[in-house]
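Shown next, in structure tokens, is the structure this report addresses.
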Amino acid sequence: MYKRSHTCGQLRKTNVGVTINLNGWVNSVRLHGQVVFVDLRDRYGKTQIVFDADSFSGDFEAVKKLSMEDVLSIQGAVRDRSESAVNPNMVTGEIEVAVTDYIMLNEAAPLPFVLSDRDNAEENLRLKYRYLELRMEELQKNILIRHETYQAVRSYLSGLEFVEIETPVLMKSTPEGARDYLVPSRIHQGKFYALPQSPQIYKQILMIANYDRYFQIVKCFRDEDLRADRQPEFTQIDIEMSFIDEEDIFVHMEGLTRHVFKSIRGIDLPDPFPRLTYADAMETYGSDKPDLRYGMQLQDVKDFTDASDFNVFKSAEKVKGIIIKGGAKYSRKNIDELTDFVKKYKAKGLAWMKWEKGTFIGGISKFFSENLQKAMFEKLSGNDGDILFMIGDDSSIVLNALGHLRVEIAKREALTNKDDFKPVWVTEFPMFEYDKEADRFIAMHHPFTAPRESDIEMLDSDPSNTLSRGYDLTLNGYEIAGGSIRIHSPKVQEKVFSLLGLSREEAVEKFGFLVEALTYGAPPHGGIAFGFDRLVMLLAGTENIRDVIAFPKTTSATSLMDESPNNVSANQLDELGIQIKKSKK
RNA sequence: GGGAUCGUAGUUCAGUUGGUUAGAACGCCGGCCUGUCAAGCCGGAGGUCGAGGGUUCGAGUCCCUUCGGUCCCGCCA
């Protein structure tokens with residue numbers, strides 16, 4: 001091999017005349033009989049190399065057999081291209097390398113798919129041959145953005161005295177939250193470790209242990225079903241601080257986020273970030289992760305529907321609507337599609353009326369008197385050519401369905417620009433959600449989240465309305481970080497456990513070491529965890545988390561490349577004392 | 001656990017109402033070609049129509065089951 005003197009993205013006009021060595025992959029071959037053009041590619045770019053039968057002294061017949069993705073090492077001279085031969089689409093397009101000698105480092109077998117465009121192959125094939133897909137420019141760009149994001153995060157936090165500390169990957173299974181991935185213990189047969197859903201307990205213990213400011217870029221594992229933005233193993237920027245309150249978290253995390261966007265994308269995010277309470281976010285946007293890049297806010301229309309002759313909504317707990325600018329163009333078919341869409345979120349239907357010449361037409365407009373229509377026109381600030389969609393039902397259904405409808409319409413109407421970033425903090429989450437099936441409260445965030453000081457007494461009197469000191473950072477409709485000020489009083493912690501239906505014994509059994517640790521001088525503390533993959537997704541401008549993970553899993557949590565999960569030998573199982581139950585089928 | 005959708009040559013796709021020998025482009029193989037940059041031109045090979053079952057004189061096409069990919073609901077922060 002000729003040790004490379006330059007990369008394939010490096011040579012320019014100033015290098016003309018120099019003898020150089022390049023190593024790389026054959027990106028494409030253009031054979032013209034007595035002259036062969038090859039685009040040689042490495043991580044850094046592409047360079048056109050030329051084999052000329054007149055001047056090339058080696059085996060020219062072999063050169064004619066070069067094919068895509070062969071690995072070459074070449075020696076040659078950089079030369080100018082004639083003006084008509086310049087390729088303005090390549091940064092190295094003003095020069096080319098006249099090859100004097102080359103070594104075939106590795107011949108590539110015929111490829112399962114052509115690497116020029118990711119659409120050339122279905123995703124299952126690309127995932128099976130992920131190493132080929134990763135050679136493509138688009139993925140390489142994403143992987144590099146990911147790398148830069150790690151570096152930006154580390155340098156920023158380290159500069160603020162945050163200490164990077166690793167926490168165990170083999171830990172104790174804890175009951176709340178997501179399903180754990182379990183790891184059987186060989187030494188203690190019948191017992192299991194769990195992989196962390198997040199290093200939550202460890203980072204709180206580190207605060208108690210005096211480490212003041214901690215961070216870690218860490219893999220977390222959740223055995224739940226996947227989504228386009230959800231993988232079973234994913235990465236968090238995990239952060240915890242002592243002697244602080246919410247404002248300290250907001251200031252530092254905004255600083256971190258601004259630093260990342262500025263250094264990776266050159267984008268200035270607002271200072272400070274706007275904030276919304278959970279209640280406002282739900283009422284105004286129908287989501288706890290609102291996308292603020294567009295309006296279409298949810299508006300209360302119950303007074304109007306109650307005053308109308310439309311009886312369907314009279315008994316509804318809540319009636320809200322959204323106005324779509326120019327939505328009067330929607331056909332019956334469009335509206336039917338959107339009706340089916342909201343039915344996924346348990347809405348029974350989608351009522352609508354179009355505005356035309358200051359009055360409503362179509363849909364349920366005939367149930368609204370002229371005066372009522374006039375009042376609505378003024379109050380709801382609609383315009384001719386708009387459409388009003390309404391849902392009436394239980395509050396949670398109305399908000400959820402309209403919230404999703406809002407996002408869907410923004411997508412259909414292309415209201416979002418992926419280079420526009422609108423962060424917003426969502427605060428004052430409820431402490432608990434009531435789980436009807438289990439007939440008990442479950443923690444909305446997690447069981448260590450502190451209630452607001454003013455709400456501590458409500459834990460006894462009115463737990464379902466207690467608000468927490470939890471907060472999420474939302475960006476363009478994605479939750480990119482979430483955290484809370486933690487409980488540092490053992491008494492409050494035990495109270496919360498009991499509300500979650502954990503007896504004293506169970507709480508001690510499951511979280512005893514943390515409860516105990518809280519009694520040995522726990523500082524007030526709180527923290528946050530960023531979804532690193534989602535953050536990189538947004539920075540890279542993709543909506544698919546697999547695009548920013550080198551070796552992602554499929555929707556059914558398998559890896560098509562290495563075929564995991566897979567069977568293990570009887571010996572391995574035996575050592576672990578594990579027997580596989582026959583499947584029901 | 002549920003819903004939607006996709007699966008045809010190495011790859012991306014087309015394939016009518018069920019009807020004779022399942023097509024195209026790219027890739028691959030062979031040939032021509034000294035300025036291309038998605039090179040071009042000529043020729044060739046290449047098919048378990050995801051798998052299994054059924055209906056039918058006849059199934060890529062209709063029905064059932066099943067496997068896999070993707071998106072969504074539930075689930076998950």
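Just so we're on the same page: letters track the sequence lines, and every chain starts at 1.
A/E96 comes within 4.0 angstrom of a nucleotide base, judged by non-hydrogen atoms across all strands. Within the 4.0 angstrom heavy-atom criterion, no nucleotide atom of any strand lies near A/N89. At a threshold of 4.0 angstrom between heavy atoms, the contacts of A/V86 include nucleobase atoms, whether or not backbone atoms are also involved. Nucleic acid contact class of A/R41 (heavy atoms, under 4.0 Å, all strands): none.
A/Q34 has its CD atom 11 Å from the P atom of B/G35, to the nearest Å. For A/E83 and B/U36, the CD to P distance is 14 Å, given to the nearest whole Å. Remark: P of B/C33 and CZ of A/F60 are 12 Å apart, rounded to the nearest angstrom.
Partners of A/M444 under the side-chain contact (heavy atoms from CB on, under 4.5 Å) rule, at least two apart in sequence or in another chain, are A/Y278, A/F429, A/P430, A/E433. A search for side-chain hydrogen bond (donor to acceptor under 3.5 Å, both in side chains) contacts involving A/R293 returns A/D291, not counting sequence neighbours. In this view, A/K128 satisfies the salt bridge (Lys or Arg N to Asp or Glu O under 4.0 Å) rule with no residue, not counting sequence neighbours. Applying the side-chain contact (heavy atoms from CB on, under 4.5 Å) rule to A/P196 yields the partners A/V169, A/M171, A/F221; only residues at least two apart in sequence or on another chain are considered. The side-chain contact (heavy atoms from CB on, under 4.5 Å) test applied to A/F192 returns A/L182, A/P184, A/I578, not counting sequence neighbours. Residues passing the salt bridge (Lys or Arg N to Asp or Glu O under 4.0 Å) test with A/R118 are A/E133, A/E138, A/D547, sequence neighbours excluded.
B/G58 and B/C13 have their C1' atoms separated by 27 Å, given to the nearest Å.
Salt bridge A/R146/A/D533: present, at least one basic N to carboxylate O contact under 4.0 Å. Salt-bridge check for A/K553 with A/E233: passed, with a basic side-chain N closer than 4.0 Å to an acidic carboxylate O.
A stacked arrangement is assigned to A/H32 and the six-membered base ring of B/A39, with a centre-to-centre distance below 5.5 Å and an interplanar angle below 30°. Taking the 5.5 Å centre cut-off and the 30° plane limit, the aromatic side chain of A/F37 is classed as stacked on B/U36.
With distances taken from any side-chain atom of A/Q48 to the nucleotides B/U34, B/C37, B/U11, the minimum falls on B/C37.
B/A25 is paired with B/U11 under the criterion used here, namely a Watson-Crick or G-U wobble arrangement in which both key atom distances are under 3.5 Å. The partner of B/G68 is B/C6, judged by Watson-Crick or G-U wobble contacts that both fall below 3.5 Å.
Counting only residues at least two apart or on different chains, no salt bridge (Lys or Arg N to Asp or Glu O under 4.0 Å) pair has a member in residues 556-566 of chain A.
Listed pair A/R30 / B/A39 meets the phosphate criterion, a side-chain N or O lying under 4.0 Å from OP1 or OP2. At the phosphate of B/G35, neither OP1 nor OP2 sits under 4.0 Å from any side-chain N or O atom of A/S82.
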Worksheet item: Just by protein heavy atoms under 4.0 Å, how would nucleotides 68-77 of chain B read 5' to 3' in B, S and -?
Response: -SSSSBBBBB
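Judged by distance alone, the side chain of A/K203 and the main-chain N or O of A/I239 form a donor-acceptor pair under 3.5 Å.
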Each nucleotide N or O in nucleotides 22-32 of chain B that has a protein N or O under 3.5 Å away: list the pair and distance.
residue	atom	partner	partner atom	Å
B/G30	OP1	A/K65	NZ	3.4

